[in-house]
Amino acid sequence: MSEVRVRFAPSPTGFLHIGGARTALFNWVYARHANGKFILRIEDTDERRSEKRYVDEILDSMKWLGMDWDEGPFYQSQRKDIYLEFANKLLEEGRAYRAAERRNKGISISVGTDSETESDKGEAIIFSVPEEDVVFNDLIRGEIRINSRQFGDIVLIKSDGMPAYNFACVVDDALMGITHILRGDDHISNTPKQVLLYRALGFDVPEFAHFPLILGKDGGRLSKRTGATAVSEYRRMGYLADAIVNYLMLLGWSPGQNREIFSIEEAIDLFDIKDVNKTAAVFDMDKLNWVNSEYIKSKSDRELLDLILPFLKERGLDVDEAYAIKVISLFKSRATTLVDFVDWADYFWSDDFSFDREAVDMHLSVDKSELFVRLIGVFERVHPWDTPIIEKEFRALVDEMGIKARELIHPVRVAVSGKRIGPGLFDLLCVLGRDRVIDRLKKQVSRWKEMSDG
Ligand code: GLU
């Protein structure tokens, strides 16, 4: 069998979204599985809607996800002459005509995408579609048959000189030697048109596979509300690249045996187009969160530190690495995203942390200055400052005062962290360090004083 060559061909009219990323990933994984080539082509023929910043963002997101390409990126906007040459060939052969020459033949013209509206004007070159049943095989769905009456003649070159999507796509896929076209099933209606163009141009027709849609949890099309956010947005929200890749793979494929967490190497090893589900995948944020938390747990504290540092830096937080690693180990088992390490642990990163209103109302409304002052005295003497010793001394004080441990545990937690929940209190105190702990307890004593002084 000849070398497998697949491609990802985004239009840079928006950011790389979850659906596009899955298409790219399935192509990339298939290329790696088959020891083939993965080609990147930027379909930027819609000059009004294509933007450089989208190209940059798409390439950036692909690199972040680890999808390297073997050839490209090729830009269709730089290949206009090539498309024109093939369109002229079809004109000469009498298989295409200029829009202006179109006599009242009652021909409907298939434009391709919504934005390709320039096609009806004089200079456009249009392909005459013979009436026939176009049949092609889909590697996921099997045989698909569509009568050409359903779409009519096909625009090749628009009046502005730019190729229409279907034409540029076929010329490029053929010239780039693409053997398998793997894309979303929103393109199924384009495939019969493309098959006709391959044949007219004398090219071999490649294999096709159309992936089922990704739906939102509400059963509708994926939207911003249901999770169609750009890949770069997930990155900013603190998702890990390998977790996103794992989750994207699950949107239509799985390695079997109900396994949901797997490495990309395993996916490459096991992936086959025919195993992609025929039914739509549902984008489930809870599931993604679970996958992300599993990846967080599987990282070493050191690896997590490298991933979290940019988030801390972004907020202007400069931290000691040894200290940060201890904080990370406290939150690792409960964090869903990297941002959780920053937000939930804000009191570790800065003295200027947020106090949760409810926590304050519940646990700091009663003045416990006397207890706090005694505790400060105990903490000043604890040696060494270590979790079991802190706990032992803390409990000794509680016994001595004849109170229940929770009467002191909760107020102390809120006073030093601003929150009701978090890691075990004694671990928290240990990592936070004696000075910070005592300082915060003292601050709370002053606040109570201010309150009673009115
Ligand atoms: N530029 C098209 C898109 O982004 C490519 C479709 C295809 O893969 O043929 O939808």
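Whatever order the structure lists ligands and atoms in, that order sets their numbers, starting from 1. Start at 1 with the first residue, then count along the sequence.
The contact set between ligand 1 and R183, taken as ligand atoms under 4.0 Å from a residue heavy atom, comprises 7 (C), 8 (O), 9 (O). Each of the following atoms of ligand 1 lies closer than 4.0 Å to a heavy atom of S11: 1 (N), 2 (C), 3 (C), 4 (O).
Considering Q76, E43, Q194 only, the shortest heavy-atom separation from atom 2 (C) of ligand 1 involves E43.
With a 4.0 Å cut-off on non-hydrogen atoms, C169 touches ligand 1 through its side chain and not its backbone.
Heavy-atom distances between Y165 and ligand 1 reach below 4.0 Å in at least one pair. Taking 4.0 Å as the cut-off, R7 counts as a neighbour of ligand 1 on heavy-atom distance.
Given atom 10 (O) of ligand 1, the protein heavy atom at minimum distance is H187 NE2, 2.8 Å. Atom 5 (C) of ligand 1 has its closest protein heavy atom at A9 O, 3.1 Å.
No salt bridge links R315 with D346; every basic N to acidic carboxylate O contact stays at or beyond 4.0 Å. Classification of E132 and R199 as a salt-bridged pair holds, one side-chain N sitting under 4.0 Å from a carboxylate O.
When ring centroids are compared, Y247 and F283 come within the 6.0 Å threshold.
Side-chain atoms of Q194 and N166 form a donor-acceptor pair, as typed in the model, at a separation below 3.5 Å.
No donor-acceptor pair under 3.5 Å is formed between the side chain of R221 and the backbone N or O of I214.
Residues V416 and R440 share a closest heavy-atom pair of O-NH1, 2.8 Å.
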